[in-house]
J.: 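So that we are looking at the same thing, I have put the structure below in structure tokens.
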Amino acid sequence: MVERQQNVPVFDAVVVGAGFSGLYMLQRLREAGYSVRVYEAGEDVGGTWYWNRYPGARCDIESIYYNYTFSEEILNEWTWSARYAEQPEILSYINYVADKLDLRRDIQFNTRITAARYNEQNCNWEIRMDDGSLVIAEYFITALGCLSASNVPDLKGMDTFKGEMYHTGRWPHEEVDFNGKRVGVIGTGSSGIQAIPVIAKEAGQLTVFQRTPQYSCPAQNHPLDSEVISQTRENYGELKQLMRYSMHGVPSGPRMRSALEDSPEERERLYEKAWQEGGLFTLTYNYNDIGILPEATETAASFIRTKIKQVVQDHDTAQKLMPSYYYATKRPIIDTDYFETYNRDNVSLVDIKADPIVEMTPNGLKTTNAEYDLDVLVFATGFDAMTGPLFKIDIRGKNDVSLKQKWEDGANLKTYLGLATSGFPNMFMLTGPQSPSVLSNMMVSIEQHVDWVADCIGYLREHHLQAFEATAEAEEFWSQQCAAIADMSLLSKTDSWYMGANIEGKPRGFLAFAGGVGLYRLICDDVSARGYEGFTSELAAGAKDEGLVKEGFFMGNIDPQAWFILKQLESAGAPPMEQLTPELARMGDFSQLAGIPEEVAKVENRSIPVPGGEIAVRIYTPAGEGPFPALVYYHGGGWVIGNLDTVDVPCRLLANRAGCVVVSVDYRLAPEHKFPTAAEDAYAAVKWVVENAANIGVDPERIAVGGDSAGGNLATVVALMAREEGGPALAYQMLLYPVTNHSYDTDSYRENAEGYFLTKNTMEWFWNHYLRDEQDGQNPYASPLLAEDLSGLPPALVITAGFDPLRDEGEAYAERLKAAGVPVEATRYDGMIHGFFWMPGVLAEGNNAINQAANALKQAFSSVKTV
Ligand code: N01
């Protein structure tokens, strides 16, 4: 620390908050040799666990996973007593770590940070405390906790109440005596559900005021035996990896099965087992669509409702306790004897939705229908989550704009990775909004955030970069992804504090990143590996330019949405396709990437004859009066995988947007049917369409062929065959990143051999399954680029993707067509990956390509001269 400007202390970094995240941040930065000061409003370390000392408070992640993992020594020295440790034990643990690492010497307690202002000239932060004093730091790091701004309802007459009042999140240090007293508890979230059974045992009379009934499962807490502890210690290396790359930061995950695939009896058996086992995610992890699909979610919800009915003896009370929102769209709750507590004589439940609280009186609480005399009132009413703690500090970035103004009180929340926000250089938010934190084991999220920030600061210092700031494009992209991921599940369809719905007047919007801690880690690591893509910085005065200053977001690089898909696929951890059998490879389901199928006037499945058999086709007919022009479409999948469903969404969109019939062809696949079966089926299908045109409302003079990848290959081959065989006359060929040559000797193969969805190894696997022998690869009906003459072929659209091994052979084919006098529209989508045409649900460029193809088809059909 140095002093400058009238004795104002100057630090490399100031951290606000001495909970789990602030303490580890201090340790990492101090270890790296930086001067750091932590400011903490409380009297001591602990954060959440310092403030939330209400009776019954304990962790909901198993203790053995709810601790720091950065130090093996600490892991080995500390021994948890129970599966779910109580608050005093967790606080002791935090104190033990603080003592062991001698952290307190850099923490100033009893000090609240009230304001922080970025000084653009000096590229640093001026940070003010509640006693008016000031410090300066290059980096301003908030470690405020997501749930530290308590929500106390503003009840009429509150100040007249003569009894005691407490909030679970601001519990006094002295013991609260409930003995024989008339106690009221408002709120039945995790805090209320933990506190109620404990308070009930002491209180004379306990009245619970419930607004929304909750799902809760037994924690099945128990002391930890030494064997579990030593096994965990032995395997911590492996467990740590599992936790880090998991969905929620615990070393397990959902089973890859839909709840709707099992019989009701089997589901019941699994849910019962989970109920007996206890645990935060045990019940939901039975299936992978709980919290995603309403029907699947309801199976778990109704199981819990039945349990509540069985436990709670009084019928009316049980009815009041029945939750109805989508299960697993709030943080799951685990309890110890919560529902059993309602069987006690001294406990009663008031449904304040049916009988709302009107006001507080000197003696207690008045609802519309009754009055309750109380000695003590406990507010278990939760928190103004995520944004609340940040807004309590007057944080001002560039141009003196406050965070509150920038985020429009939360209505326009924008962060990049939940770690930073544009206009606020050198500020990092640990477990901030739009990070996965609150949806996960906090400890895993905290360590990941702190490590990332510490590494980032190391990088900036090493390369003399300053004013490190998220770009507006990056945060726009990230915020969109956060909303889109939440919308893929039921999370955004429930009124919860995740949505800001618990605070009156708080703008609604999903506050976290719901893609899982594993995916999030991969993304953050990728951002740093790319030199902190999505952030800008400036070179410090006099420093040597190493070309590391970034401008813009993913400029001249892969499209951010495509990159995001790649990270998602990577985190799903599926083995490379070439390690699977064709049968297994065909089971892959990418339908989520396509988006929701659009309505088409008519969709019909038919069987059509082909030489030596029959194949299926799906016919999409748009609204309006036929006969329509038609596109015969061949799906991709390396001639080995793929089916009519893979391309259902783009076929629907093409039918509607181009105003044509789309006949999607389920040609026979290799290796069961090797070359040239797929090509012959494809040709037979187009002939069938012409011959049956009247029957399917199609104009036989206006037929186009098209397809993606291997389907693009088949479309080119059908065009060649039709030319050779003297028909049918084709109006157009629509070639989407087509395979055109059995060769891997292109720049695009070298540049994109792996890491961009379709790999070189997978392409080799496809070709090997498709061809009977090497000789086949020389056949123009397999490798149309080798055809001697491409003249006389129909006009073509050739779309390619920048990050695709097939890019160059598609473009080479377009060039050859042009050279042969064929009119060609060729477009490369620079930032795209293979397959993007059928991913319009998640890639704007996929949607754009479908529009381009539809327009090209419309134009081609309208220029056909019909007799
Ligand atoms: O808060 P909550 P919490 N009038 O917001 C009700 C973590 N946590 O402190 O649902 C009347 O969940 C509100 O009703 P409604 C965990 O992540 C972890 O319990 O909004 N009632 C609800 O019943 C958790 O999710 C542990 O209709 C009002 C309750 O108060 C998060 O903290 C333990 C009201 C608030 O529930 C928050 O939990 C505890 C009003 N004006 C907490 N305002 C562990 O086990 C609100 N309510 C680690």
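Remember, it's 1-based here, ligands and their atoms both numbered in the order they're listed.
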J.: Would R305 and E298 pass as an ion pair if we require N to O under 4.0 Å?
T.: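 Salt bridge between R305 and E298, a charged N being under 4.0 Å from a carboxylate O: yes.
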J.: Between K493 and Y326, is NZ or CZ placed under 6.0 angstrom from the six-membered ring centre and within 45° of the ring axis?
T.: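 No - K493 does not lie over the ring of Y326 by the 6.0 Å and 45° rule.
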J.: Find all protein N or O atoms under 3.5 angstrom from an N or O atom of ligand 1 and list the pairs with distances, or write 'none'.
T.:
from	atom 1	to	atom 2	distance (Å)
ligand 1	9 (O)	S191	OG	2.6
ligand 1	10 (O)	T212	OG1	3.4
ligand 1	19 (O)	S190	N	2.9
ligand 1	19 (O)	S191	N	2.8
ligand 1	19 (O)	S191	OG	3.3
ligand 1	20 (O)	R211	NH2	3.0
ligand 1	23 (O)	T188	N	2.9
ligand 1	25 (O)	W497	NE1	2.9
ligand 1	27 (O)	R211	NE	2.9
ligand 1	27 (O)	T212	OG1	2.4
ligand 1	30 (O)	A380	O	3.2
ligand 1	43 (N)	R211	NH2	3.4
ligand 1	45 (O)	R58	O	3.1
ligand 1	45 (O)	Q194	NE2	3.1

J.: On the ring face of Y50, is R53 found with NZ or CZ under 6.0 Å from the centre and within 45° of the axis?
T.: yes
J.: Determine the sole option in Y285, Y520, Y65 for which the ring-ring contact (aromatic ring centres under 6.0 Å, His included) test with H248 is passed.
T.: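 Among Y285, Y520, Y65, the one meeting ring-ring contact (aromatic ring centres under 6.0 Å, His included) with H248 is Y285.
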J.: Assess, by modelled atom type and distance only, whether the side chains of W80 and N67 contain a donor and an acceptor separated by less than 3.5 Å.
T.: yes
J.: Could you tell me whether E272 and K307 make a salt bridge, using a distance below 4.0 angstrom between a side-chain N and a carboxylate O?
T.: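 Yes, this pair counts.
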